[in-house]
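The structure appears right after this line, and notes come after that.
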Number of protein chains: 2
Amino acid sequence: MSGRTGRRPGNPDTREAILDAARTAFAARGFDAASIRAIAGAAGVDPALVHHYFGSKDKLFLAAMNAPIDPGRLLPEVLDGDRQGIGERLVRAFLAVWDSPAGMAGVALLRSAVTTEWTARLLREFLVTQVLRRVLQHLDADPAERPLRGALVAAQMSGLVLMRYVVRLEPLASAPPETLVAAVGPGVQRYLTGPLDEVFPLPD
Amino acid sequence: MSGRTGRRPGNPDTREAILDAARTAFAARGFDAASIRAIAGAAGVDPALVHHYFGSKDKLFLAAMNAPIDPGRLLPEVLDGDRQGIGERLVRAFLAVWDSPAGMAGVALLRSAVTTEWTARLLREFLVTQVLRRVLQHLDADPAERPLRGALVAAQMSGLVLMRYVVRLEPLASAPPETLVAAVGPGVQRYLTGPLDEVFPLPD
DNA sequence: GTCTATATTCCGATAGAC
DNA sequence: GTCTATCGGAATATAGAC
């Protein structure tokens with residue numbers, strides 16, 4: 001879990017070490033509880049150096065989040081294929097990202113989105129503009145339905161991440177990815193391309 | 001379980017006022033950010049009085065959570081009825097609880113479960129022993145399948161709560177309950193009583 | 001019982017020396 | 001660039017006076 005805590009005196013990429021330590025700390029303890037002092041300690045540098053590089057704790061958090069989360073990289077592989085398999089491919093890609101070291105940033109973002117207000121807005125806009133809209137646009141869904149369909153997918157996926165990586169509810173936490181792909185894939189598929197009368201039951 | 005022989009506290013109203021303010025504060029700002037000073041201020045009492053009643057911040061949190069969360073009250077109405085409608089009834093009951101004032105305690109528990117370790121364990125054991133096990137027991141599910149089925153339901157429901165009440169993702173946040181019942185009910189139903197080969201696809 | 005005052009700890013951020 | 005020293009603030013929790 002602990003990243004690179006080795007000593008690196010006079011190293012030019014001290015900046016990367018700080019970002020690495022920041023990601024682990026934010027993911028593990030949330031935004032508030034993760035202190036700059038602890039991050040600096042884990043990175044093997046002085047707390048004041050963190051301020052020198054990033055200016056404030058907020059900017060450090062944003063700098064730690066921006067890089068590793070890049071949905072544009074893996075969205076093509078989700079969208080490429082038959083229409084009926086997009087649910088399972090979406091779940092598979094999500095789990096692959098969250099199981100990787102880069103997934104720590106996602107956990108950190110989710111953790112602090114629950115706690116502080118401005119990260120919640122950050123996560124909201126990220127989900128809406130960077131992920132969900134692209135998927136539903138690719139599926140040629142009715143524009144009027146897209147927000148609700150996208151939100152339902154977000155709810156299913158975030159709940160999966162929450163229980164598997166944060167709360168660590170068994171056997172979800174240690175289940176093989178393909179089991180979960182087969183289990184929740186169809187549900188996601190239904191939210192994306194399911195019949196209209198089930199997703200929009202009350203046209204009052 | 002209510003202590004009928006316990007020594008009576010000073011003013012029952014002030015104690016309830018403190019618990020009420022605590023639930024609101026914990027739900028709105030999370031465990032760490034909700035200060036005893038702010039809770040005391042909202043309740044109209046002195047901060048030191050909170051310590052006098054509950055001893056510590058942790059115990060105050062536990063006292064605020066214990067009362068309003070009582071799944072035994074509404075589980076019968078979920079379990080009573082035909083087998084195929086239990087998914088929708090479960091979602092309907094959940095939303096009814098979370099939309100009510102008592103739902104603040106649930107939001108507070110979820111919020112702090114994401115941040116602090118011991119509340120995550122609290123939520124875990126609460127979900128497993130108080131909710132999921134009872135539902136699946138009533139359905140006569142294969143005991144070997146119960147943990148995964150229950151965890152999948154927990155993931156779906158917690159994600160719904162997370163997006164609707166915490167992150168406030170639209171249009172999920174302001175959608176009428178019955179819309180969500182019809183939208184996610186079938187998915188929950190599938191997790192509970194769905195075909196075996198979909199939930200357990202890899203018998204390796 | 002209730003509140004005032006304080007002890008203790010830890011945080012983010014700044015200024016300035018090597 | 002990197003670190004030492006410190007400021008100013010807010011938090012929990014305690015001790016003790018009315």
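The shown structure was predicted, so the numbers you read here are calculated from the model rather than taken from an experiment. Every chain is numbered from 1, with letters handed out A, B, ... down the list of sequences.
One interatomic measurement links the two molecules: CZ of R29(B) to C1' of dA10(D), which rounds to 12 Å at whole-angstrom precision. The NZ atom of K57(A) sits 8 Å away from the P atom of dA13(C) (whole-angstrom rounding). Taking atom CZ on F54(B) and atom P on dA13(D), their separation rounds to 13 Å, with Å as the unit. dC3(D) atom P lies 15 Å from atom NE2 of H51(A), rounded to whole Å. L49(B) has its CG atom 15 Å from the P atom of dA13(D), to the nearest Å. In this entry the distance linking CG of D46(A) with P of dG16(C) reads 17 Å, nearest Å. Taking atom CD1 of residue I36(A) and atom C1' of nucleotide dC3(D), one finds them 16 Å apart after rounding to whole Å. Summarising the geometry, the separation between CZ on R15(B) and P on dT2(C) is reported as 12 Å, rounded to the nearest angstrom.
When distances run from any side-chain atom of A48(B) to the nucleotides dA13(D), dT4(C), dT2(D), the shortest one goes to dT4(C). Listed nucleotides: dC3(D), dC3(C), dT2(C). Nearest to the side chain of V45(B): dC3(C). In this structure, of dT2(D), dA11(D), dG12(C), it is dA11(D) that holds the atom nearest to the side chain of S35(B). Checked against dT6(D), dT2(C), dT4(C), the side chain of R37(A) finds its nearest nucleotide in dT6(D).
The local environment of CD in E16(A) is sparse, with at most 12 non-hydrogen atoms from other residues, nucleotides or ligands closer than 6.0 Å.
Within the 4.0 angstrom heavy-atom criterion, no nucleotide atom of any strand lies near A33(B).
Contact check, Y53(A) against dT2(D): a side-chain N or O comes under 4.0 Å of OP1 or OP2.
Counting only distance, with no hydrogens or angles, the side chain of R134(B) and the backbone of Q130(B) share a donor-acceptor pair below 3.5 Å. Remark: side-chain polar atoms of R15(A) are not paired, donor with acceptor, to backbone N or O of F54(A) under 3.5 angstrom. Looking only at distances, a side-chain donor or acceptor of R164(A) sits under 3.5 Å from a matching main-chain atom of L172(A). Side chain of R111(A) to main chain of A27(A): a donor-acceptor pair is present (N/O by atom type, distance under 3.5 Å, no hydrogens or angles).
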